[in-house]
Amino acid sequence: QVQLVESGGGLVQAGGSLRLSCAASGRTFSAYAMGWFRQAPGKDREFVAAITWNGINTYYADSVKGRFIISRDNAKNTVYLQMNSLKPEDTAVYYCGGSSLASSRPREYDFWGQGTQVTVSS
C-alpha cells in the first residue's frame, strides 16, 4: 500500500509560478513511475507530466511543454511539478499518481493522491 500526498497548490495570477509536491509513504519501489494529472469541473482527468523513478525520461503534455518541469528527489521520496507562466486554463485540481511504467493514461495508474487545487486568475 502506497500513500501519496500533494501540496503546494493555491491562487496565483496569470504569469505566476507554483511548485507542487507529491510525497510518497509506505511501500515504494524504483520500478514505479510517477505522473501528474489535472481535472477541471466537467472534464476528464488530463495528463500533465510523467517521470520514471530512475529519472532517465520525462514526458509532458503539449499544452505544458516549456512551462512545466517534473523532477524527483529519491532521498525524500518526493516528486515535484514546477509550474511557470501559468495561464487561467491551467486551473484545475492536480493529482499525482504512481504507475508501473510511465504513461499518459489515467487507467494505467495504480494509486493516487487526494489532489491539490490550483487556481490561476486572469
Side-chain angles (χ1 to χ4, degrees):
Q1 183 173 323
V2 177
Q3 183 179 29
L4 304 176
V5 179
E6 302 97 333
S7 62
L11 174 64
V12 298
Q13 293 183 346
S17 298
L18 283 174
R19 188 183 70 165
L20 306 184
S21 299
C22 175
S25 61
R27 295 184 66 192
T28 58
F29 302 94
S30 62
Y32 278 96
M34 297 294 294
W36 286 97
F37 291 75
R38 63 190 183 186
Q39 189 166 24
K43 299 177 66 177
D44 293 334
R45 190 163 295 192
E46 175 190 18
F47 171 72
V48 176
I51 186 170
T52 56
W53 272 113
N54 58 22
I56 292 177
N57 295 108
T58 58
Y59 309 89
Y60 298 93
D62 289 341
S63 60
V64 306
K65 285 182 179 178
R67 298 190 298 123
F68 292 8
I69 301 172
I70 188 170
S71 61
R72 66 174 177 84
D73 185 340
N74 283 345
K76 297 181 179 180
N77 245 16
T78 301
V79 175
Y80 304 96
L81 185 68
Q82 178 67 47
M83 304 185 295
N84 301 314
S85 301
L86 283 162
K87 306 174 181 179
E89 49 263 47
D90 295 319
T91 296
V93 178
Y94 282 70
Y95 299 90
C96 65
S99 178
S100 57
L101 294 172
S103 174
S104 63
R105 300 166 59 185
R107 296 188 181 187
E108 297 295 327
Y109 285 76
D110 298 319
F111 41 86
W112 298 90
Q114 85 291 341
T116 185
Q117 176 71 47
V118 172
T119 303
V120 184
S121 61
S122 58

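Since the model is a prediction, treat every value here as computed from it, not as a measurement. What's counted below: heavy atoms across the whole structure, side chains too, no hydrogens, waters or symmetry copies. Counting from 1, the numbers follow the sequence of the chain as shown.
Heavy atoms of other residues, nucleotides or ligands lying less than 6.0 angstrom from CG of D110 number more than 12.
Expressed to the nearest 0.5 Å, how far OG of S122 lies from CD of E89 amounts to 10.0 Å. In this structure, OG1 in T58 is found 9.5 Å from CD1 in I69, a value given to the nearest 0.5 Å. Here the straight-line distance linking atom CG of L18 with atom OG1 of T119 works out to 9.5 Å at 0.5 Å rounding. C96 SG to R38 CZ: the interatomic distance, rounded to the nearest 0.5 Å, is 15.5 Å.
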Subject >> Step-by-step side-chain contact (heavy atoms from CB on, under 4.5 Å) determination, T91 to Q117 >> reply: CA-CA 8 Å; T91 296; Q117 176 71 47; 4.0 Å; yes
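In this structure, D62 pairs ionically with K65, as a charged nitrogen and a carboxylate oxygen lie closer than 4.0 Å.
Side-chain contact check for D90 versus M83: every heavy-atom pair is 4.5 Å or farther apart. Side chains of S63 and E46 form a contact here, defined as non-hydrogen atoms less than 4.5 Å apart.
Side chain of Y59 to main chain of T52: no donor-acceptor pair is present (N/O by atom type, distance under 3.5 Å, no hydrogens or angles). Counting only distance, with no hydrogens or angles, the side chain of Y109 and the backbone of S103 share a donor-acceptor pair below 3.5 Å. In this structure a side-chain-to-backbone donor-acceptor pair under 3.5 Å is present from S99 to E108. Side-chain N or O atoms of T78 include none that pairs as donor or acceptor with a backbone N or O of A23 at under 3.5 Å. Formation of a donor-acceptor pair under 3.5 Å by the E6 side chain with backbone atoms of Q114 is found in this model. Using a distance-only test at 3.5 Å, with no hydrogens or angles considered, a donor-acceptor pair links the side chain of R72 to the main chain of N54.
Follow the hydrophobic side-chain contacts under 4.5 Å out from F47 and you reach V93 in the same cluster. In terms of hydrophobic clustering, with Ile, Leu, Val, Met, Phe, Trp and Tyr side chains grouped at heavy-atom distances under 4.5 Å, F37 and V2 are assigned to different clusters. In the hydrophobic clustering of this structure, V64 does not group with Y80; members are Ile, Leu, Val, Met, Phe, Trp, Tyr whose side-chain heavy atoms approach within less than 4.5 Å, directly or through other members.
Closest heavy-atom contact between S17 and V12: O-CG1, 4.1 Å. Across every non-hydrogen atom of I70 and V79, the tightest pair is CG1-CG1, 3.9 Å.
Test Y95, W36, W112 against C22 for side-chain contact (heavy atoms from CB on, under 4.5 Å) and you get one pass: W36.
Using cut-offs of 30° and 60° for the angle between ring planes, the Y94 and F68 rings count as tilted.
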